[in-house]
Engineer: 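Just dropping this structure here.
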There are 2 protein chains.
Amino acid sequence: MLSADEIIQKMSSQGLRITDQRRTLAKLFVDTDGYLTPKDVYDFMCKKYTGLSFDTVYRNLRIMEEMGVLEQIVFEDGLKFRASCSDEHHHHHMICLGCEKTYPIHFCPMPLADAPDHFQVVKHKFEVFGYCKDCQANPKRQEQI
Amino acid sequence: MLSADEIIQKMSSQGLRITDQRRTLAKLFVDTDGYLTPKDVYDFMCKKYTGLSFDTVYRNLRIMEEMGVLEQIVFEDGLKFRASCSDEHHHHHMICLGCEKTYPIHFCPMPLADAPDHFQVVKHKFEVFGYCKDCQANPKRQEQI
DNA sequence: ATAAATGCAAAGTCTTTGCAGGCAG
DNA sequence: CTGCCTGCAAAGACTTTGCATTTAT
């Protein structure tokens, strides 16, 4: 995963201004293991920035996603964000339905799945959902996806 | 894929009333290869049922999904529905980004992906996106996912 | 007959947009 | 100083809910 400094640098190098809010956002995502909803982000940021508005959160999430420092996933209960994985090597994720932490799967099934009838593959998704060790021992949150 | 009769029967056997609208819905989904948005469904149904309201479309889509006769996928541009595959054997899909037709992949990567540290697997997703033969020859629609 | 399905209207949720003032570079 | 960022307010897109009427069983 990118570090907070790498995120800031990457944003700066693409011409974005580095505000205190964006620095805090970078730190928040780096310190978070799982996915965050816009609301999660808003709630967290509100503690530090009174008068923060939702639209700024949305704007920044979208900009950071476009800059490539955040990844966005559409869960069944809405959009969620996390810091981009450093793209050293292609991989997939196991995602815990309890705490939403992710664990990398380095195995990629793509080479083994033969495309039918000249299907031109553009991208693929391989995601495994379940419960991590901790959440099995300590079940509390509902299934989310 | 289920037939229109099988859909109707399955709904009836679970206590739902079979209205003309639901019969038409069943037929629409059986006759459609790709995914339909609620709006697609509404537009189609409007032709036959003047005064149709959106909420009835939503209600029926949700009910049919809960009955297991429709499958729902969250695309990045919203929810879409299609008739359920008959569940004879577990499989995955290649989904065309042009026409949204799906092609089965019978290979399942799950047995090959080892779960880390006692991860208890609940479900998984393996989806391949690209362009089918026809849509490569005849590109027109934008990428949708 | 009676419980479910529908249409209508309204509300709810989530997200985006326009604008004026504020702040990073 | 200049243009990007922000907060505010409002609008927009999509989906759900409550209620009275209609309809399948």
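Every chain is numbered from 1 and lettered A, B, ... according to where its sequence line falls, protein lines coming before strand lines.
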Engineer: What is the distance, to the nearest angstrom, from the CE atom on Met11(B) to the P atom on dA4(C)?
Structural biologist: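 After rounding, the gap between these two atoms is 14 Å.
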Engineer: Only one of Val41(B), Leu70(B), Ile73(B), Leu25(B) passes side-chain contact (heavy atoms from CB on, under 4.5 Å) with Phe81(B); say which it is.
Structural biologist: Leu70(B)
Engineer: Across the strands shown, which category fits Arg59(B) at heavy-atom distances under 4.0 angstrom: base, sugar-phosphate, nothing?
Structural biologist: base
Engineer: May I ask you to say what Arg22(B) touches in the nucleic acid, namely base, sugar-phosphate or nothing, with a heavy-atom cut-off under 4.0 Å?
Structural biologist: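 Sugar-phosphate only.
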Engineer: Heavy atoms from C-beta onward define the side chain here; which of dG7(C), dT15(D), dT15(C) lies closest to that of Ser53(B)?
Structural biologist: dG7(C)
Engineer: Within the structure shown, what part of the strands sits under 4.0 Å from Thr19(B) by heavy-atom distance: base, sugar-phosphate, or nothing?
Structural biologist: sugar-phosphate
Engineer: Tyr58(B) OH to dG12(C) C1': how many Å, rounded?
Structural biologist: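 After rounding, the gap between these two atoms is 13 Å.
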Engineer: Can you tell me the distance, in whole Å, between the CG atom of Asp20(A) and the P atom of dG7(D)?
Structural biologist: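 Result: 11 Å.
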Engineer: Near Gln9(A) CD, under 6.0 Å, is it more than 12 heavy atoms from other residues, nucleotides or ligands?
Structural biologist: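 No, CD of Gln9(A) has 12 or fewer neighbouring heavy atoms, counting only those of other groups under 6.0 Å.
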Engineer: For His89(B), does its backbone N or O pair with a side-chain atom of His91(B) as donor and acceptor, under 3.5 Å?
Structural biologist: yes
Engineer: Cut-off 3.5 Å, side chains only: do Asp55(A) and Ser53(A) have a donor facing an acceptor?
Structural biologist: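 Per modelled atom types, Asp55(A) and Ser53(A) side chains form a pair under 3.5 Å.
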Engineer: Rounded to whole Å, please give me the gap between CZ in Phe54(A) and C1' in dT17(C).
Structural biologist: 17 Å
Engineer: Tell me, with the steps shown, if Val57(B) and Lys39(B) meet side-chain contact (heavy atoms from CB on, under 4.5 Å).
Structural biologist: CA-CA 9 Å; Val57(B) 170; Lys39(B) 181 162 189 331; over 6 Å; no
Engineer: Base, sugar-phosphate, or nothing: which does Thr56(A) touch, judged by heavy atoms less than 4.0 Å apart?
Structural biologist: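 Base contact - Thr56(A) has a heavy atom under 4.0 Å of at least one base atom.
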Engineer: For Gly51(B) and Arg17(B), find the nucleotide of DNA chain C closest to each by heavy atoms; which residue's nucleotide sits nearer the 5' end?
Structural biologist: Arg17(B)
Engineer: Report yes if a side-chain nitrogen or oxygen of Gln21(A) is closer than 4.0 Å to either non-bridging phosphate oxygen (OP1 or OP2) of dG7(D); otherwise report no.
Structural biologist: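 Yes, because at least one side-chain N or O of Gln21(A) sits under 4.0 Å from OP1 or OP2 of dG7(D).
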Engineer: Expressed in angstrom and rounded to an integer, what is the separation of Tyr49(B) atom OH from dC8(C) atom P?
Structural biologist: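 Value for this atom pair: 15 Å.
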Engineer: How many Å lie between NZ on Lys48(A) and C1' on dT6(D), as a whole number?
Structural biologist: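 These atoms are roughly 16 Å apart.
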Engineer: Would you mind reading off the distance between Arg23(A) atom CZ and dC23(C) atom C1', rounded to a whole angstrom?
Structural biologist: 13 Å
Engineer: In whole Å, I'd like the distance from the CD1 atom of Ile18(B) to the P atom of dT6(C).
Structural biologist: 10 Å
Engineer: On DNA chain D, nearest-nucleotide positions of Gly15(A) versus Asp55(B): which is more 5'?
Structural biologist: Gly15(A)
